[in-house]
There are 2 protein chains.
Amino acid sequence: MPDDRWENALSRVLELTLLLGRDATENLTRMGLTEARAHLLWELRTLAPCTQRELATVLRVTPRAVTALVDGLAETGFVTREPCPTDRRATLVTLTEQGHATTQVMVDGFRNLARQLFTDMPADVFDGFDDGLIHVISRLRTLLARNQQEASTTQAGH
Amino acid sequence: MPDDRWENALSRVLELTLLLGRDATENLTRMGLTEARAHLLWELRTLAPCTQRELATVLRVTPRAVTALVDGLAETGFVTREPCPTDRRATLVTLTEQGHATTQVMVDGFRNLARQLFTDMPADVFDGFDDGLIHVISRLRTLLARNQQEASTTQAGH
DNA sequence: TATTGTTATACTCTATAACTATA
DNA sequence: TATAGTTATAGAGTATAACAATA
C-alpha cells in the first residue's frame, strides 16, 4: 500500500479533530462553558464528588489549574466545594443542580452527535471504521508510552 | 444497529483526538513550539509568503492573534516580516531557513506517524476506516454549516 | 516528611476596541 | 470609506514556586 493513502487518512483524522473541536466550542459557548471547564464537568459526571487532586490527575493539569477551573465553575453555579469528611486538607467538588442539568445536556448532545454521524453509514463501513479506530488508538498508546519512557530516561541521564 | 455502538465509536474518536493532541504537544515542545505557533507554521508551509490577514482567515482567529503569534515566531527565528510590494498596508510573513527546516521536521513527523499508525492495519480495515472518515467528515460539515446558518438568522432576528 | 490546596507571579492565546497608515 | 496591522486592555488557561494546613 502506498504511503500516500496513509497520509491522506491521517490528514482526514486531523481535519476531523478540527471540525469536532469547532462544533464542541460552538455548543459549549451557548451553554456558557469553555472547553477546559466542560472537560472538568464531563469528568465530574462520573467522578463527583471527588477531590481536586483527582481532577488534576484525570485532566492531566496541575492542581493550580484545577483551582482556577473550579473557581470559575463555582462562580457560575455549576459546582460547589465541600469539605472532605475523611481528609481535612482536601475539598470535594460536587455538581449543583444546574451542573447536573448541564452534564445531561452534554450527554444528550454527545448521543445526538453519534446518531447524526453514524445513522446512515453502511454497516460494513462502520465496522471497518470502528476496527480502525481501535487499531489506531492502540498504536498511539504504544507510541506515547515509548516517548514517555525516553523522556524519563533522558531526564535520569542528567 | 444499537445506539451503543455509535456512542462507543464516538468515544473512541474523542479519545483519539486526546491522544493525538498529547503526542503533538510533546513533539512540538521539543522543537520549541506551541500548538498555536506550529499551526501557523504548518499553514505557512503551503501559503508562504502570505499576509497576516490570510493567516487570520485560515487559522480562524483575529488579526490581533496573528500579530502575537508572528511576534513570537519572529523572536524565535522561525519567520520574518517583509513589506508587501503591492500593498503598503500589508506585511508578508515568510519562513526563515530555520522555519523551513522546522516545517520539514513536522512533515517528516507527520509521515512517520501515518506509517506507524497504519503500517500493519489489514487492508480491508484500512479501507473501511478511510471510508468512515470521509462519511463522518461530510456529516460534520453539514452539521456545522447548519449551525452557522442558525446562528446568523438568530443574529438577524435581533 | 509528604500531600492538598492555596496565593503569588508569569507566560501564551485569544478577544474587543481604538488607532495609524494605506487603499 | 474600507482594509491591514498595531497598541491598549482584558480574560481564560496553564505553569512554577512558596506557603499553610493537615496527614
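For clarity, every value in this text was computed on a predicted model and none was experimentally measured. In what follows, every chain begins at residue 1, and chains take the letters A, B, ... in the order their sequences are listed. Because only heavy atoms are used, hydrogens play no part in the values below, and waters and symmetry mates are left out as well, while side chains stay in.
- For A:Asp130 and B:Arg12, the salt-bridge test passes: some basic side-chain N is under 4.0 Å from an acidic carboxylate O.
- In terms of the ring-ring contact (aromatic ring centres under 6.0 Å, His included) criterion, residue partners of B:Phe129 (sequence neighbours excluded) are, by chain and number, A:Phe129, B:Phe118.
- Within 6.0 Å of the CD atom in B:Gln148, the count of heavy atoms belonging to other residues, nucleotides or ligands does not exceed 12.
- Put simply, A:Ile134 and A:Leu144 are part of two different groups of oily side chains (I, L, V, M, F, W, Y) that touch within less than 4.5 Å, one to the next.
- Here C:dT6 presents its P atom at 12 Å from CG of A:Leu55, a figure rounded to the nearest Å.
- Looking only at atom types and distance, the side chain of A:Arg30 has a donor-acceptor partner in the side chain of A:Asn27 under 3.5 Å away.
- When the P atom of D:dT16 is taken as reference, atom CZ of A:Arg64 falls 13 Å away, rounded to whole Å.
- Contacts with DNA chain D (heavy atom under 4.0 Å) in residues 15-40 of chain B: none are found.
- Within residues 43-53 of chain B, the residues having any heavy atom under 4.0 Å from DNA chain D are, by residue number, B:Thr51, B:Gln52, B:Arg53.
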Walk me through whether A:Thr94 and A:Thr80 qualify under side chain to side chain donor-acceptor pair (under 3.5 Å). CA-CA 5 Å; A:Thr94 65; A:Thr80 55; 2.8 Å; yes

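- Pairs engaging residues 80-90 of chain A under the salt bridge (Lys or Arg N to Asp or Glu O under 4.0 Å) rule: A:Asp71-A:Arg81, A:Asp87-A:Arg89 [sequence neighbours left out].
- Near DNA chain D, meaning a heavy atom under 4.0 Å away, the residues from residues 67-93 of chain B are B:Thr67, B:Arg81, B:Arg89, B:Ala90, B:Thr91.
- Looking at A:Asp3 and B:Arg115, a side-chain N of the basic residue comes within less than 4.0 Å of a carboxylate O on the acidic one, giving a salt bridge.
- When the side chain to side chain donor-acceptor pair (under 3.5 Å) test is applied to B:Gln104, the partners found at least two apart in sequence or on another chain are B:Asp108.
- Comparing B:Val61 and A:Pro63 by the nucleotide of DNA chain C that holds the closest heavy atom to each, the one mapping nearer the 5' end is A:Pro63.
- Under the 4.5 Å side-chain heavy-atom criterion for ILVMFWY residues, no single connected hydrophobic cluster contains both A:Leu47 and B:Leu18.
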